[in-house]
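This report refers to the structure that appears directly beneath it.
What you see is a predicted model; the values in this text were computed from it and never measured.
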Amino acid sequence: MNNKKVIGLLLAGVVFFGGAPYLVGDMARNTLQQQAEQISEIPGYALNIKSYDQGWFTSHAVITYGFDQHTLNIMQKDTADKSPEDDALLSLLKEGLTFDLNIAHGPVTFQNGINFALMTLDGKLQDINHEAYKTFKQKAQINSLMQLAAKVSYGGSTTIEMNSPAFKADYSDIAGQRLIIAYDGMTANTTINAAMDKYDAHVTLNRMNLENDKVKVVMGLIQADVSGDKLNDHLWLGKGTTTFTEMMIMMPTGNLQLKNLYSEYDLAKESEKALTLKALLSSKEFSIPQLSLKDVTLDIEANHLDLAAVTDYVKSIQALYKTEDGSPPTEQEIAVKTQGIATRVGEQLIKGSPEIIIKKLDFSMGNGRLQGTSKLNINGENLQNIQVLSDPVALNKRLINTTDITFDKPLATAIMELTMKQQMAAAGMDLSALPPEQLSQTVKVQTSMMLQQMVNQGYFTQNGDTFTSHFEMKDGKRLINGKQLSLPGM
């Protein structure tokens with residue numbers, strides 16, 4: 001009897017694990033189709049299943065991911081204006097990225113290890129039918145530019161992993177000069193919940209170099225973390241951070257350099273009727289020929305953003321390129337619609353009395369430093385028609401602003417030196433022929449005269465080598481450091 005029970009259990013297990021994959025295969029196919037439809041609802045993009053060959057234990061699918069038709073219509077140019085390169089690029093954009101997917105059916109799969117899941121899949125980017133891509137693959141010696149793996153749990157949540165391989169491609173023989181591209185690869189991980197209304201993603205883009213005989217471009221490590229929650233059919237809330245170790249472009253005319261760039265954003269609901277957006281941008285150094293800024297920080301916040309107005313704007317922009325017959329609208333039609341959207345949404349936003357706050361503006365230039373804060377609010381209470389704000393007097397009565405700026409004399413000296421050099425160069429003067437001591441002395445004299453004049457006029461207050469300015473605007477009145485500021489026509 002015990003042997004019969006064991007044999008019965010074994011047979012039941014064989015039937016279950018043998019038959020279940022086909023039934024799960026149906027569920028997996030339906031799940032993939034539903035996810036494709038939901039992803040395609042995201043404005044600007046489309047995911048299409050071109051083919052799906054379902055087997056017992058595994059299936060094979062071909063999918064395309066790219067811009068939706070409305071976005072492609074935006075990119076479409078008049079035939080007379082298109083070059084062959086434009087045609088080739090537009091053709092590639094229309095095709096999108098095509099992936100070959102091998103799908104394993106649950107309840108247990110063995111792709112990338114043992115998985116208890118509804119399905120798992122792996123795949124790679126199909127070759128792009130373009131000579132430039134074929135040449136690139138040959139020189140980079142890679143199998144595919146992008147590979148992916150994914151898993152859909154029994155609860156419906158999806159995890160996706162994507163990677164792009166490192167490569168080095170030498171185009172010197174084609175370019176007729178030294179041209180080398182080196183890339184250390186990319187990885188990305190995304191988790192999407194079953195309802196497709198929440199996601200988390202992390203992307204790492206490794207170092208990339210491009211160099212020829214005259215120019216060298218260096219892109220350092222880039223890392224991004226983002227998350228989002230679907231608010232309605234048109235808006236996603238969310239937050240994210242990005243770090244960028246460095247970017248450098250070295251040219252004969254001078255270098256562009258960016259070091260330790262960091263950014264973050266947070267778009268959230270402030271209330272049931274309004275949104276708030278917070279953003280921070282900082283960099284250790286930003287420099288171009290003749291200008292170098294260090295320790296740059298911009299911390300900004302926008303509040304009381306009318307939710308209905310923002311939703312209306314996104315919805316209207318999505319519909320901007322739609323016509324009854326499906327053909328791209330003319331530029332005149334787009335201009336008329338855009339003007340209508342701007343007027344309607346602008347009025348809605350202003351009625352919500354939005355405010356913009358610069359919580360911190362900070363940077364160094366030369367041996368000097370500037371720090372500032374500002375708060376701007378527009379009172380939209382009882383506003384009936386936005387057109388009345390075209391009158392500067394009416395607009396000023398609704399604006400409320402306070403701004404504080406503090407800087408030191410070394411900063412003013414650095415700005416004066418840069419300005420004088422540009423003016424002298426524009427006049428055709430040879431700066432190398434001017435003794436540095438003479439230029440330095442001229443800059444110091446001009447800076448002192450300018451600052452003293454501004455202090456005398458009440459624009460700045462002085463405390464040693466530190467200068468401050470406080471600006472206020474309310475009820476149509478403008479005060480700078482407590483004194484009335486009169487502007488013609490305002």
Side-chain angles (χ1 to χ4, degrees), residues 41-44 70 74 197 228-239 264-281 298-322 329 332-361 372-404 470-479 485 487 489-490:
E41 291 177 359
I42 299 174
H70 301 144
I74 297 173
D197 59 8
D229 294 274
K230 188 175 183 180
L231 180 61
N232 55 40
D233 290 339
H234 304 283
L235 286 180
W236 285 73
L237 305 180
K239 57 186 176 181
E264 65 180 49
Y265 73 91
D266 186 355
L267 178 62
K269 285 183 70 174
E270 178 183 285
S271 67
E272 289 303 314
K273 295 183 177 181
L275 301 176
T276 179
L277 174 63
K278 300 176 181 179
L280 173 67
L281 180 68
L298 176 61
D299 189 353
I300 192 168
E301 186 175 307
N303 299 317
H304 318 323
L305 303 176
D306 187 84
L307 174 57
V310 177
T311 301
D312 181 20
Y313 174 78
V314 176
K315 180 180 179 180
S316 300
I317 290 299
Q318 291 172 10
L320 184 61
Y321 292 87
K322 292 181 180 180
Q332 184 177 2
E333 289 173 332
I334 293 174
V336 171
K337 289 183 179 180
T338 302
Q339 180 63 39
I341 294 170
T343 301
R344 183 180 70 253
V345 173
E347 185 171 298
Q348 286 179 281
L349 284 172
I350 292 175
K351 286 181 177 180
S353 299
E355 70 176 10
I356 298 176
I357 303 174
I358 299 178
K359 300 171 68 176
K360 184 178 182 180
L361 172 61
T373 61
S374 183
K375 181 178 180 180
L376 175 65
N377 173 266
I378 181 166
N379 181 9
E381 187 177 354
N382 299 321
L383 177 66
Q384 300 298 322
N385 190 336
I386 193 176
Q387 299 298 330
V388 301
L389 300 183
S390 59
D391 177 9
V393 176
L395 176 61
N396 284 335
K397 288 183 178 180
R398 290 184 176 271
L399 288 177
I400 303 172
N401 175 245
T402 57
T403 299
D404 290 281
H470 176 75
F471 175 80
E472 293 181 76
M473 174 185 284
K474 189 175 182 180
D475 299 327
K477 298 179 180 180
R478 295 166 300 279
L479 301 175
L485 177 65
L487 297 176
M490 303 293 284

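Side-chain atoms of I300 and I356, non-hydrogen and from C-beta on, do get closer than 4.5 Å to each other. Annotation: side chain of I378 is in contact with side chain of L395 (closest heavy-atom distance under 4.5 Å). For the pair V314 and I317, the minimum side-chain heavy-atom distance is 4.5 Å or more. Between L275 and E270, every side-chain heavy-atom pair lies at or beyond the 4.5 Å cut-off. No side-chain heavy atom of L237 sits under 4.5 Å from any side-chain heavy atom of D266. Put simply, the side chain of V310 reaches to within 4.5 Å of the side chain of L235, judged on heavy atoms. The closest side-chain heavy-atom distance from R478 to F471 is below 4.5 Å.
Atom CG of L305 is separated from atom CG of L267 by 8.0 Å, given to the nearest 0.5 angstrom. Within the model, atoms CG of D197 and CH2 of W236 stand 6.5 Å from one another, a figure rounded to the nearest 0.5 Å. Remark: L280 CG to E264 CD distance equals 4.5 Å, nearest 0.5 Å. With rounding to the nearest 0.5 angstrom, the NZ atom of K397 is 12.5 Å from the CG atom of L389. Atom-to-atom distance recorded for L376:CG and T403:OG1 is 8.0 Å, nearest 0.5 angstrom. Between L307 atom CG and N232 atom CG the span is 6.5 Å, to the nearest 0.5 Å.
Legend: residues meeting salt bridge (Lys or Arg N to Asp or Glu O under 4.0 Å) with D306, ordered by chain and number and at least two apart, are absent. Under the salt bridge (Lys or Arg N to Asp or Glu O under 4.0 Å) criterion, K477 pairs with no residue at all, not counting sequence neighbours.
S390 places a side-chain N or O within 3.5 Å of a backbone atom of Q387 that can act as its donor or acceptor partner.
Judged purely by distance below 3.5 Å, without hydrogens or angles, the side chains of N377 and S353 never pair a donor atom with an acceptor atom.
Among N379, T276, N303, N401, the one residue that satisfies the side chain to side chain donor-acceptor pair (under 3.5 Å) test with E355 is N303.
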Can you list, pair by pair, the side-chain donor-acceptor contacts under 3.5 Å of residues 343-351, counting residues two or more places apart and other chains?
| residue | atom | partner | partner atom | Å |
| --- | --- | --- | --- | --- |
| T343 | OG1 | Q339 | O | 3.0 |
| T343 | OG1 | Q339 | NE2 | 3.3 |
| R344 | NE | D312 | OD2 | 2.8 |
| R344 | NH2 | D312 | OD1 | 3.2 |
| R344 | NH2 | S316 | OG | 2.7 |
| E347 | OE1 | I386 | N | 3.0 |
| E347 | OE2 | K351 | NZ | 3.4 |

Test K360 against L298 for side-chain contact (heavy atoms from CB on, under 4.5 Å), laying out the working first. CA-CA 6 Å; K360 184 178 182 180; L298 176 61; over 6 Å; no
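Taking the charged nitrogens against the carboxylate oxygens, K359 and E301 do have a contact shorter than 4.0 Å, which makes a salt bridge.
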